[in-house]
Every structure is written in C-alpha cells, then in structure tokens.
Amino acid sequence: MSPKVKFEGLSRELIALRVSREIKEGSYFNLGIGIPTLVTNWTEGMDVIPQAEIGMLKTGALAQGEEVNQDLINASCQAVTELPGSCYFDIAESFGMIRGGHIDVAVMGALQVNVRGDYAGWSNPGRGMFVGNIGGSMDLCAGARKLFIAMEHTTRDGEYKVVKELSYPATALGKVSMLFTDLAVIEITPQGMILREVAPGLTAADVQSVTEPKLIIGPDLKEIEL
Amino acid sequence: MSPKVKFEGLSRELIALRVSREIKEGSYFNLGIGIPTLVTNWTEGMDVIPQAEIGMLKTGALAQGEEVNQDLINASCQAVTELPGSCYFDIAESFGMIRGGHIDVAVMGALQVNVRGDYAGWSNPGRGMFVGNIGGSMDLCAGARKLFIAMEHTTRDGEYKVVKELSYPATALGKVSMLFTDLAVIEITPQGMILREVAPGLTAADVQSVTEPKLIIGPDLKEIEL
Amino acid sequence: MDKVIPSIDDAIADIKDGAVIAVPGFFACGVPRDLLQAIIRKGVKNLTLTCGCGPLLGAATELKTLVLNGQLKKVVDSYGLFRSASKGMADPFEQAVRNGTIEFEVYPMGTMAEKYRAGGAGIPAFYTPTGVGSVVEESNVTNIEANRTPKETRMIDGQKYVLEYALKPDYAFIHAFTGDREGNLRYAKTARNFNHVMATAARVTIAEVENLVESGQLDGDDVHTPGIYVHRIVAVARPQFAITID
Amino acid sequence: MDKVIPSIDDAIADIKDGAVIAVPGFFACGVPRDLLQAIIRKGVKNLTLTCGCGPLLGAATELKTLVLNGQLKKVVDSYGLFRSASKGMADPFEQAVRNGTIEFEVYPMGTMAEKYRAGGAGIPAFYTPTGVGSVVEESNVTNIEANRTPKETRMIDGQKYVLEYALKPDYAFIHAFTGDREGNLRYAKTARNFNHVMATAARVTIAEVENLVESGQLDGDDVHTPGIYVHRIVAVARPQFAITID
C-alpha cells in the first residue's frame, strides 16, 4: 500500500546525527550497514565505544591512503583505523559479547517496522529467494540491551515502511524501542508508537499520512533538534 | 572384600615409566594427580606434548629455586617451567580442548576399576560426604580419545581395587582402555580384562589372586619390560 | 612436533570429493586464499564449504571458479549473496542457488560462530535466543525445500530459545599472520574472525601462515590458537587483494 | 572510558548481603586475594561464592576467615575440599559443609567453565557429555539434600548428554597481570584460568591488576579480556603467597 505523498526530511547524515544523540556517554554500541554506519561520524569526542562484530572494540575512523591495512576492516567491509584502547577478539567471543547482553545499543537499518517493535531487514521477498543474508542482525536483536532502527520513512516508491503488519520476513519480534527516520523520531512502547519529534517544517499529520499504523502524539512533541 | 595377599611390584615411578611407553610419538596427553603426574619424568625427549587443564600446552619440568613463578603451575598445583612452544589459554578453551576430543590420551588415578572399563576416583565414601572433589576428571573421561588408569593394584589394606562392580561412586562408565598397576598391565576390551603383562617375578595366578574379576590371559602374556 | 609441510598442494593432498571444508574470513579479510586456490587446482568435486560471513564474496574470483568448475555441492554461511539484486542475478553462484544445483544454507552469524565453537569444544547442541521470531526458529533455512527440517524451541525462564547443533567439518582452511612449527597461531587484527573457532572444530586443520617461525618465537601468552588444533602448516606469501565487496 | 577506582574498598562498596560473587583461581594461582580481603573487611554476609578449581584452598586464610566470620551461605566449585581426609575434618569450611550450615555444590570443572562461558555469551543452556554415568547426571551435587533437583539427559546421535545451565553471578572478582584504564586485561601464564570466563559472566566485573597502564599500552592483539566486560579496575601490589596446597 502506498501513501503516495513524499516529504522532504533529514538527510541520511542527519538521521545518523539524531541517532548519535540517543547514545548515552559510557555506552558500547554496534552499528549495522547503511544509515547506522554513519553514526560514528558523530560520536567522535563522545565517551562511547563502537563494537564491530567482526571482532573489534573501539573501531577508529575510516582508513585513508597509507593507513589502509587489509587486516583491519569494520563489519561493513570498510578499512578502518585503530585507537588507543582498541582490541581484537575471535568471532565466538564477539557474538558471545553481543548475545550475552554486553552491547548497550544496536542501531540497524530496516525494510519494515511495525507497531509492536517487530522489524524486517534481512530478506527482500522481491528478490524471489527463500534464503538471504542474515549476517549478524538477528544476534544483535537478541542480545543488545536497546535496539534502534534508522531508516528512510518510506520506500523510494513512497510505500509504507512503518506498517501495521510486516509483509517481509521478520528479523526479530518486539525488540525495537526507537525508530529514527528522515521525517520523525518515534518511540515504540507497549501502548503503541509515540511520535516524539518531527522533521523541521513537518506536522504530526504529515508524518501520520506516510505511516500506516495510528501514531500516538507525544505530549511534548517537538521538532527534531540537531 | 579382601584378597589378603600383598605382592611386591613396581614402584610408582616405574608404573609411570611403563605408562609412558604407551604414549605414542606425536600425542597430546593429560595427566591426573598421583602416579600419572610422574609420567612426565619419562616423556622428556619424546615428541609428545602434555596439556595441563589449568590452561597450558607443553608444560616443562618442575621449577626449582629461582625458576619458580607463582603464575605458572600445573594442574596438580606444582610450580613448573615453560618450553619453546608452550602456550596458555583460558579455562573454557582448555576444557573445550578436553571435551572436544583433542587430547589423545588421559592418564588418571583411580580408587576402583571394573571389568567393563568403569572407574571410580572422585569420591571416597569412607569420608562420609555426598559431595567431593570432581575436578577435571569427568571431563577428561568424556573427551580424551583414550583413557588409561595408573594405580596400585590393591588398597593399602590389601583390598581389591580391580573389582567386578564399583562400590564407590563412578567417575565414568566404560571409558578405561588400559590399566597400569604395580603388578600388571591389563587391557580392557568388550570381552573382558586381558592380562597383557605381569611384574617381574609374578605369575598370572598371583595377579588373579588380587583381582576380583576373572582375567583373560593374553596369548602373548609377558613380563613388564622397563 | 614439526607440522610444517613445504608444499600447499601436498598439504591438501588427502582431500577427496565430497569433503566438508570450513572457510574462514569476514568478506575479504582473513580468507585462506592460497588454500582455496589449491583446492581449485586439485579439482575435487561435490564439496561443502562451511563459512561464517561471506569469504566467498571477498574471494569472488575463487568462488566463481569453484562454481564454474562444478566443484561445489553446498555452501553454509550467514551472508553469501551480493547485496545488489542485479549483481546477484549475474552471479554464477546465485544462479546455481536459484536453480537448485548448489544448496545454500543460511544461519545467523553468531549461530554459525557458536556451531563451530560447540563442535570444537565437545558441546553437541546448545540453546540460543538468536533467530526466535524469524524463519530461523522454524527450520534450517536452505534453498532446497526437501532439506528443511523443523527446529526445536524451548522456554527457559520465560524466554524462548532455539536448539542449534554443533558443526564439525572434515577440514578447516586457516589463514594466520604468524605460525610456529608446532602449529601455534597468531592472527592480525580483524583477520582473526572465524579462523580460531574453525581451527578447533575440524577433524583436520590446515593453516597457511604469512610468517612461519621457530617454536618459542611466539610468547605463550600471545598465542591465539594453540597448536593442538592445527595439523598441517604451510608458509605463504602475504596475499594481495581489494578490501571492498559489492 | 576511565574505569579506574582508586580504593579497593570503594570498588566493592555496593556489594550487599546475599550477593553471588565469582572467584577465579586454580588453587593458589590467579586468585583475586586483595578483593577477597576487601570483602572480609566489608563484612557482608550470606554470600554465595562461585568458583572453578579450589581458589579457597589456595587462599586458605581468606576462606577460613570468611567461614569463621559467618559470611558464607554457599560455595560452588569443582574442587573445594582438602585432599587429606584428616586435614578436612579439622577445616572449618568442611565442618560447616558437614553440618549443613554452608551449602557446597559441586560440578565437573569443565562444566563450571562452560556454565560461566554460557552465562557471558547469552547461551541459557547446553548439552555436555561430562558427568554421564555418574551422580552428576542425576541431579546437582550438593550437601543440602533438599536442593538436589533432577537433571535432564538426552540422546544425540546415539550418545547420552546432560543438560546444564548458564551461571551468571552478580559480581566477578578478577585478578590480572596488566589492565588499562578502559578495562582491557592481560593475564600472566596459568593465572589466566577462570578469570576471563568469569569476567564475561557477571553483571558487575571488578578487576584488581598488578600493572595499571594507560589506554594504548596494550596492543589490541595482546588483550585477553576486552574492556567491555570489565566495569571497575583497581591497582594492587603483586601478591605474595605459597603455591602449594594440601
């Protein structure tokens, strides 16, 4: 189903900035592929530590030129640098860390999110295959203390991504607590989706018009501050 | 039940020597407390590697004087030395190694061994407690590819230790393949206990007289060669 | 205990058609490229490659050759398809998966890691929260419908878990930065990834190392994979490859 | 992320009566003696100490004091009694176990290791071959008969296994040779033993370190316990103790 309208909202970089504000000082966090990867551009200077599921704590900035080391990449397969205090470990330790509840926040991309905090991200049925790339997404959902989704509010064709029921295969059920899009910040609670913030220039009605489930308007609804 | 007779057999050192002959070149092995610990005195110069369940491969000789390092002990709590190629690992890795079938031979002490290869070693009911010191014994039984027992043939009071049925709590069932005592070398097979070797000066009848189950006399029965 | 084998072809000489081989690497990083090329030269067929996170996307040339040579029966991985659907359509591996000539079985990455860890550590099966609520809890996820068998789930302390089983490949191909003659290995940075757990899980572990050193040159506290897990070692040149994948 | 706490008493200030504390060490080796002494000073009671291989035999003075102070409710270990029956009879801990004023629960050492590893790694339960054929497969082995609950067993591929559960203590006391301010730890030789797995398993991990260094002084490939598992760090002097136990 398509809401037909398209609004101008935040850029991917600015969605990432807004997410970064929600990562508390002292947190360990993990970022999925896509918009989430951009969050580290905004956490420099914060007292937070990114984990990369490939087996690294405290990944540094992307490596440039001479810095590139083929033995040092992040989970998105980008050459990165190390920092004082960076460390490495094997994959069973890495996923033990993830599954075992040691990561404070995971930020993932998504194809669909529903009102109960279920989300779909690992498989696009349009591709016509039962199999797909699961990667570390389901482990992060199972283990991270908080799960945030960062994504565009609708598809390129203007279809709902914030939906009543998932039509794509679920990655995990009931795990998403916050949703950050180009148009809004939405908290997912047992009562439903609470609209907390809207992009500059938009109204709650605008966001509702491109959101399939009924949003609860937060009592202190405000414009996204950047 | 007591066989009453006591024979003079091999010293504990010589039992250990006989055991060492059964450890094939290229083996990784683990030694329990007691007579088994003495086996390393005889494996120097052989191309074999001892594992200590505390988390070390290639334990060296006992440490003397200045060599003693409080951070370097074997599983019997003796200060040891390291060798070129020694390495250390944590306890979960160590017992993964043991349980996972990577140890070729484990040599353990025992209170009783029966004809089916069951053995009792972790708890002496004479102490009057349901609890006891299990240590790593049950893991070694579960995981080592071969399990040898090295012990005195009878108790200090001359009672059977090679028995028809265990009267002490079992450490493991059906795992013992070879039994080395001061009096004999006995192979444990699905057919029963086969007497392979006797201590110098003893006959098969002598050994049988202090052994509760009926022994099968090996076709090539011989004196223990040292 | 000297485990060095001078020739990489000799090191894999006993691998037969139908073997199950663990291939580490996280996309392009930490992949045993020389061993993959050796198995291509050897030409054995009907292989099952059990991976962890897309080493065959990282070693795309080797994957393509293995597929076109008809050497692959099955691939197990958490991430093995091109992200781009259009690139995937043009990829011989994805084509073979689509038409069912190669089986592709998918698990969550942490479950793959734990399956190897369990296999190496004598744990036959374990419960995990990962995959609950997805198709992963229903059956193994494979393109071959007939091979999908139901999974068990269980409530423990009010939470649902999936029962997963150990994975014990016949061989593991390992890439390490440094190795000594007895098989003690040390990896470089994020190239460690699946190498250690796979080394523990396989019946026969064959390691290619960029730097072969004498016993004693690695400090005992610096060893990442104890030599007990490693059966054969071969020295190789430091590989040259592009980090990016599609 | 600076986790250094100047005073060891401050580092344990929040520990309350009834806490479950993991105590590493293999007999005398790798025991967090300073933290044990701090908990004695604090005087909290009703404690459960979960161990691995007799650290309280290795730190016998501390054990005796904890028992005589009435601070212990329960000890979990694979090996916690004196080998010598006559020494045991004279030992206040064994006396308390015999008369049931302290509970003593015993598991095989590898099962203890795996229970912590599972607790840290989000695995709620696992199957193990260890203990099959012994009383270990029947129930938990404890001196308090009322607390013995039956264990499950299961056949997998024709072999029998016992189901064991994860262990997640409230606190872990860790002893490391080197630690940086962010909690990355490195152990010395066999003093590593239970320290790493316990650090992963606890809700709050407190590490005493012989050498406190700045971030970056430990090479990333040399770290044994990543800092994410460690919540508080205290510098201590290198302990002095006798290696032998009875």
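The basis for the numbers below is simple: all heavy atoms, side chains too, and nothing from hydrogens, waters or symmetry mates. By convention in this document, chain letters (A, B, ...) are assigned in the order of the sequence lines, proteins followed by strands, and residues within each chain are numbered from 1.
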Honestly, the part of Pro24(D) sitting under 4.5 Å from a heavy atom of chain B is neither

Interface check, chain D: of Gly55(B), Ala92(B), Ala79(B), most non-hydrogen pairs under 4.5 Å belong to Ala92(B)

Bottom line for Ile73(B): the part with an atom under 4.5 Å from chain D's heavy atoms is both

Determine whether the aromatic ring centres of Phe104(D) and Phe93(D) lie less than 6.0 Å apart.
-> yes

Exercise. State, yes or no, whether a side-chain contact exists between Leu35(D) and Ile206(D) at a heavy-atom distance under 4.5 Å.
Key: yes

Legend entry - Ser27(B) side chain to Phe29(B) backbone, donor-acceptor under 3.5 Å: no

What one should report as the nearest heavy-atom pair of Val31(D) and Pro55(D) is CG2-CB, 3.9 Å

| message | Quick check: Phe194(D) with Phe26(D) (ring centres under 6.0 Å apart)? | response | no

Scored by heavy-atom pairs under 4.5 Å with chain D, the best of Ala172(B), Ala170(B), Gly132(B) is Gly132(B)

Geometric donor-acceptor pairs, no angle filter, chain B-chain D, under 3.5 Å:
unit_1    : atom_1 : unit_2    : atom_2 : d
Gln70(B)  : NE2    : Pro239(D) : O      : 2.8
Asp71(B)  : O      : Thr190(D) : N      : 3.0
Asp71(B)  : O      : Thr190(D) : OG1    : 3.0
Asp71(B)  : OD2    : Arg238(D) : NH1    : 2.9
Asp71(B)  : OD2    : Arg238(D) : NH2    : 3.2
Ile73(B)  : N      : Thr190(D) : OG1    : 3.0
Glu82(B)  : OE1    : Lys189(D) : NZ     : 3.1
Glu82(B)  : OE2    : Lys189(D) : NZ     : 3.3
Tyr88(B)  : O      : Arg192(D) : NH2    : 3.3
Ile91(B)  : N      : Asn193(D) : O      : 3.1
Arg99(B)  : NH1    : Gly110(D) : O      : 3.3
Arg99(B)  : NH2    : Glu114(D) : OE1    : 3.3
Arg127(B) : O      : Arg98(D)  : NH1    : 3.1
Arg127(B) : O      : Arg98(D)  : NH2    : 2.9
Arg127(B) : NH1    : Phe82(D)  : O      : 2.8
Arg127(B) : NH1    : Arg83(D)  : O      : 3.3
Arg127(B) : NH2    : Phe82(D)  : O      : 2.6
Arg127(B) : NH2    : Glu94(D)  : OE1    : 2.7
Asn133(B) : OD1    : Gly80(D)  : N      : 2.9
Asn133(B) : OD1    : Leu81(D)  : N      : 3.0
Asn133(B) : ND2    : Leu81(D)  : O      : 2.8
Ile134(B) : N      : Ser78(D)  : O      : 2.9
Gly135(B) : N      : Ser78(D)  : O      : 2.8
Gly135(B) : O      : Met109(D) : N      : 2.8
Asp139(B) : OD1    : Thr130(D) : OG1    : 2.9
Asp139(B) : OD2    : Met109(D) : N      : 3.4
Asp139(B) : OD2    : Gly110(D) : N      : 2.7

In terms of heavy-atom contacts, Ile23(B) and Met46(B) come closest through O-CE, 3.1 Å

Listed by number, the residues in residues 188-196 of chain B that come under 4.5 Å of chain D (heavy atom to heavy atom) are none

Glu44(B) CD: over 12 foreign heavy atoms closer than 6.0 Å
no

Problem set entry | Flag side-chain contact, heavy atom, 4.5 Å: Ile243(D) against Cys29(D) | no

Under 4.5 Å to a heavy atom of chain D? For Ile33(B) that would be side chain

Hey, does the side chain of Asp47(B) reach the backbone of Glu25(B) with a donor-acceptor pair shorter than 3.5 angstrom? no

Looking only at heavy atoms, the pair that brings Gly183(D) and Val230(D) closest together is O-CG2, 3.3 Å

**Prompt:** So, Trp42(B) side chain and Leu14(B) main chain: donor-acceptor pair closer than 3.5 Å or not?
**Reply:** no

Honestly, the part of Val80(B) sitting under 4.5 Å from a heavy atom of chain D is neither

The interface call for Ala120(B) against chain D, heavy-atom contacts under 4.5 Å, is neither

Greatest number of non-hydrogen atom pairs under 4.5 angstrom with chain B, of Phe241(D), Phe27(D), Phe177(D), falls to Phe241(D)

Heavy-atom closest pair (Leu183(B) atom, Gly9(B) atom, distance to 0.1 Å) is CD2-CA, 3.8 Å

Mark yes or no for whether Lys146(B), through its side chain, and Asp104(B), through its backbone, hold a donor-acceptor pair below 3.5 Å.
no

